[in-house]
Amino acid sequence: MPESQSSQPAESASASVPSTSDIAATSNGLKVGMKPRHLVMMSLGSAIGAGLFVGSGAGVRAAGPAVLISYIVAGLIVIFVMRALGELVAADPNPGAFSHYAGKAMGPAAAFAVGALWWVQLCLVVAAEATAAAQIAASYIPAVPQWLIALAIMLVFTAINLTTSGSFGEFEFWFSLIKVTFVVLFVVLGAAYLFGWTPAEPPAQIFADGFMPTGISGIAAGLLVVAFAFGGIEIVAVAAAETANPERSVSQAIKTIVWRILFLYIGSVAIIVLVLPWTDDRLAESPFVAVLESAGLPFIASLLAAVIVIALLSSMNANIYGASRMSFSMSQRSMLPRGLGRTNRRGVPVHAVLATSAFGFVAVALNYFWAAEVLGVLLNIVGSTLIVTWVVTLVSQIVLRRRAEAAGRSLPLRMWGFPWLSYVTLAGIAVIIGLGLTVESVRFQIVGTLIFVVALYLVGLVVTKRHPDAKV
C-alpha cells in the first residue's frame, strides 16, 4: 500500500493550519495541491518552448506566409483533441490519463503500451531539454563545462519535483508566466513595428512573393512541421488527479487553454511573416531575434536567449512531473515495479520522480563525452509519439462516450458534435501521418514509433497476463 499523509498523526494545534487543498489526499496516495491556474500554466509551459521560439522559422521557410493556414489547421486539431480529452478527464480524473482511458476502452495491454510510450518519450525529452538549456548557457559562460551545467539543471529540477504538488505547481506557474509574458510582449512590439512606432522603419513591402509562394505543397509541408509544436498541452490530463474539484478545474482549463495557445502561436507567427521575407536566412536560426533586431530593439532581442533557457527549463520541469505521475499510475495498476507507486508523507511519488530523472542524469554523462552530438541523437529518438497520444485519446473518447450514453450517465464536459467531429479529427490526423510518410526523415520516425508501439503492446500482453491483478 502506498504511504499517505492521511495515515499520519495530525499536526499540533500550534502549527499553522494549511488549506484543505494542500492536505487532502487522493485515493492513491497523491495529494490534492494543484489549482486551475496551475493546470493552465503547466500546459502552456509544456507547449511553448524552443519549438515556437526557434522551430517556427522552419514552418515559414516551408510555406511562406501561408504557414498561418498550417497553424490554424493544426491548432483546430489540437482544440478538438483537447476537448475530447477534457470529456474523459472531467468524468474520470486519473494520473494515468491516456493510459488509463486506453485501458478502459481497449484493454490492459493497450494501457501498458500507451503509458510506457508516453513515459519513455517524456524521459527522453527531459534529457534533451536539459542538454539544450546547458548548450545555450555554456555559450554565455564558456568557463563552465556544458556537462556541469546540465548536472546542475538536473539536480535543481529533480529537487523541485520532490516537493509537494502545490509547491511544484506554483513554481511552474511563475516559470511559465515569464515566457508567456515575453511572447505577448513580442506580439505587441511586433505590431508596434508594423505601425511605425519603433526606432526602425517598418517593412516597405509585405508578402513580396505572394501569400502562397510554395503553393499547396508548402502548406502541407508547413502542417507537418507545426503539428508537433503543440505537444505538451496534454499534460493537463495527468495533473488533474492532484487538483481540487477536478471536474470544474479541468473543464475551466480545457475551455481556456487551447485559445490561449492559438493566440500565442498564431499571433507570434503572424508577426514573423509580416516582418520577415520567407526567404530570410535568419529564420533558420531564431525568427524572434530577427524580428526584434529588424524593429530596432537589439537589447530586447539579446534577452531572448535567457527566455529560451527558461522555456526549456519550464517544459522540462513539467515533463518530469508528467512522466513521474504516469509511471506512478502504471505501478499502481501492477504494470511497473511496485516501488514506483509509493508516495512519501507529502504525497510525492519519490521513486517515480527519481526513475524519470535518471534519463537526464545519463544525458549529463553523455554530455561529458559527446557534448555536441547528444541533443541531435535524443531528438531523433523521440519520434512521433504525440500522434499516437492524439489517436488513442480520440478512439478512447469515442468508445467510452458510447458506453456512457448506453448506460445513461451524464458527463460534466462533452465533446462537440459527437461522433462526427471526433471522426473528422481522426481523419485530419491521418492526413498528417500521410504527409509525414512522404518525408524521409519523418517517415523513419513514424514507422519507428509504430513498431515501438506494437512491441510495447506485445510486452503489455505478457505483463498483464503474468499479473492478473493489473488494472486499466
Side-chain angles (χ1 to χ4, degrees), residues 1-2 27-28 81 84-85 88-89 91-125 231 234-235 237-238 241 322-342 349 351-352 355-356 358-359 381-404 406 422 426 429-430 433 436-437 443-472:
M1 290 292 290
S27 60
N28 55 25
V81 170
L85 182 58
L88 296 169
V89 175
D92 182 15
N94 187 284
F98 348 96
S99 169
H100 174 68
Y101 307 130
K104 291 179 68 175
M106 294 173 275
F112 177 90
V114 174
L117 178 72
W118 198 72
W119 180 62
V120 170
Q121 174 214 354
L122 258 63
C123 288
L124 292 172
V125 169
E234 70 280 356
I235 204 168
V238 175
S324 66
R325 268 47 179 186
M326 178 62 74
S327 59
F328 167 83
S329 171
M330 293 180 69
S331 172
Q332 292 245 314
R333 290 177 281 152
S334 300
M335 295 180 182
L336 288 178
R338 184 173 300 177
L340 298 176
R342 296 193 178 100
H351 297 152
T356 297
F359 282 77
I381 293 174
V382 169
S384 51
T385 54
L386 175 65
I387 294 293
V388 177
T389 302
W390 286 357
V391 171
V392 167
T393 295
L394 288 165
V395 172
S396 300
Q397 183 266 330
I398 291 170
V399 172
L400 298 179
R401 171 69 172 272
R402 290 193 184 282
R403 289 181 188 172
S422 298
L426 278 172
I429 296 172
I433 295 173
L437 293 175
R443 179 168 63 246
F444 174 79
Q445 290 186 356
I446 291 176
V447 174
T449 298
L450 292 177
I451 292 173
F452 189 37
V453 171
V454 172
L456 288 175
Y457 183 83
L458 295 176
V459 173
L461 288 175
V462 175
V463 169
T464 54
K465 185 176 182 179
R466 288 183 177 179
H467 297 276
D469 58 335
K471 304 186 292 293
V472 297

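Values in this document were obtained by computation on a predicted structure and should not be read as measured data.
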**OP:** Measure the CZ-CD1 distance between Arg403 and Ile398 for me, rounded to the nearest 0.5 Å.
**Re:** 12.5 Å
Original post:
Does any non-hydrogen side-chain atom of Phe98 lie less than 4.5 Å from one of Val391?
Top reply: no
Subject >> Pairs where residues 322-332 contributes a residue and the test salt bridge (Lys or Arg N to Asp or Glu O under 4.0 Å) is met, not counting sequence neighbours >> reply: Glu242-Arg325
**OP:** Determine yes or no for a side-chain-to-main-chain donor-acceptor pair under 3.5 angstrom, with Arg333 supplying the side chain and Ser329 the backbone.
**Re:** yes
Original post:
Taking atom types as modelled and ignoring hydrogens, do the side chains of Glu234 and Thr389 form a donor-acceptor contact shorter than 3.5 angstrom?
Top reply: no
Original post:
Which value, rounded to the nearest 0.5 Å, describes the distance between Leu394 atom CG and Arg401 atom CZ?
Top reply: 13.0 Å
Original post:
So do Asp92 and Leu400 actually touch side chain to side chain, heavy atoms under 4.5 Å?
Top reply: no
Subject >> Note, Lys104 side chain near Ser396 side chain (heavy atom, < 4.5 Å) >> reply: no
Subject >> Check: Val388 and Leu117 side chains under 4.5 Å, non-hydrogen atoms >> reply: yes
**OP:** Check Val392 against Ala102 and note the closest heavy-atom contact, atom names and distance.
**Re:** CG1-CB, 3.6 Å
**OP:** Locate the shortest heavy-atom distance separating Ala237 from Val89; write the atom from each residue and the value.
**Re:** CB-CG2, 3.5 Å
Original post:
Where is the tightest heavy-atom contact between Ser99 and Ala111, given as atom of each residue plus distance?
Top reply: OG-O, 2.7 Å
Original post:
Is there a side-chain contact between Val114 and Tyr101 (heavy atoms, below 4.5 Å)?
Top reply: no
Original post:
Looking at Pro337 and Ser331, what are the two nearest heavy atoms and their distance?
Top reply: O-OG, 2.7 Å
Subject >> Nearest heavy atoms of Phe328 and Pro349, plus distance in Å >> reply: CD1-CB, 3.6 Å
**OP:** Only one of Val462, Val463, Leu461 passes side chain to side chain contact (heavy atoms under 4.5 Å, CB included) with Val459; say which it is.
**Re:** Val463
**OP:** Only counting residues at least two apart or in another chain, list the ones meeting ring-ring contact (aromatic ring centres under 6.0 Å, His included) with Phe112.
**Re:** none
Original post:
Is Leu88 close to His100 at the side-chain level, that is, under 4.5 Å between some pair of heavy atoms?
Top reply: no
Subject >> Nearest-0.5 Å distance, OG1 of residue Thr393 to CD1 of residue Ile429 >> reply: 8.5 Å
**OP:** Might you point out which heavy atoms bring Ser422 and Gln397 nearest each other, and give the distance in Å?
**Re:** OG-OE1, 2.8 Å
Original post:
Hey, does Val120 have a side-chain heavy atom less than 4.5 Å from the side chain of Leu456?
Top reply: no
Original post:
If you measure from OG1 on Thr449 to CD1 on Ile387, what distance do you get to the nearest 0.5 Å?
Top reply: 9.5 Å
**OP:** Any chance you could measure Leu340, atom CG, to Thr356, atom OG1, to the nearest 0.5 Å?
**Re:** 8.0 Å
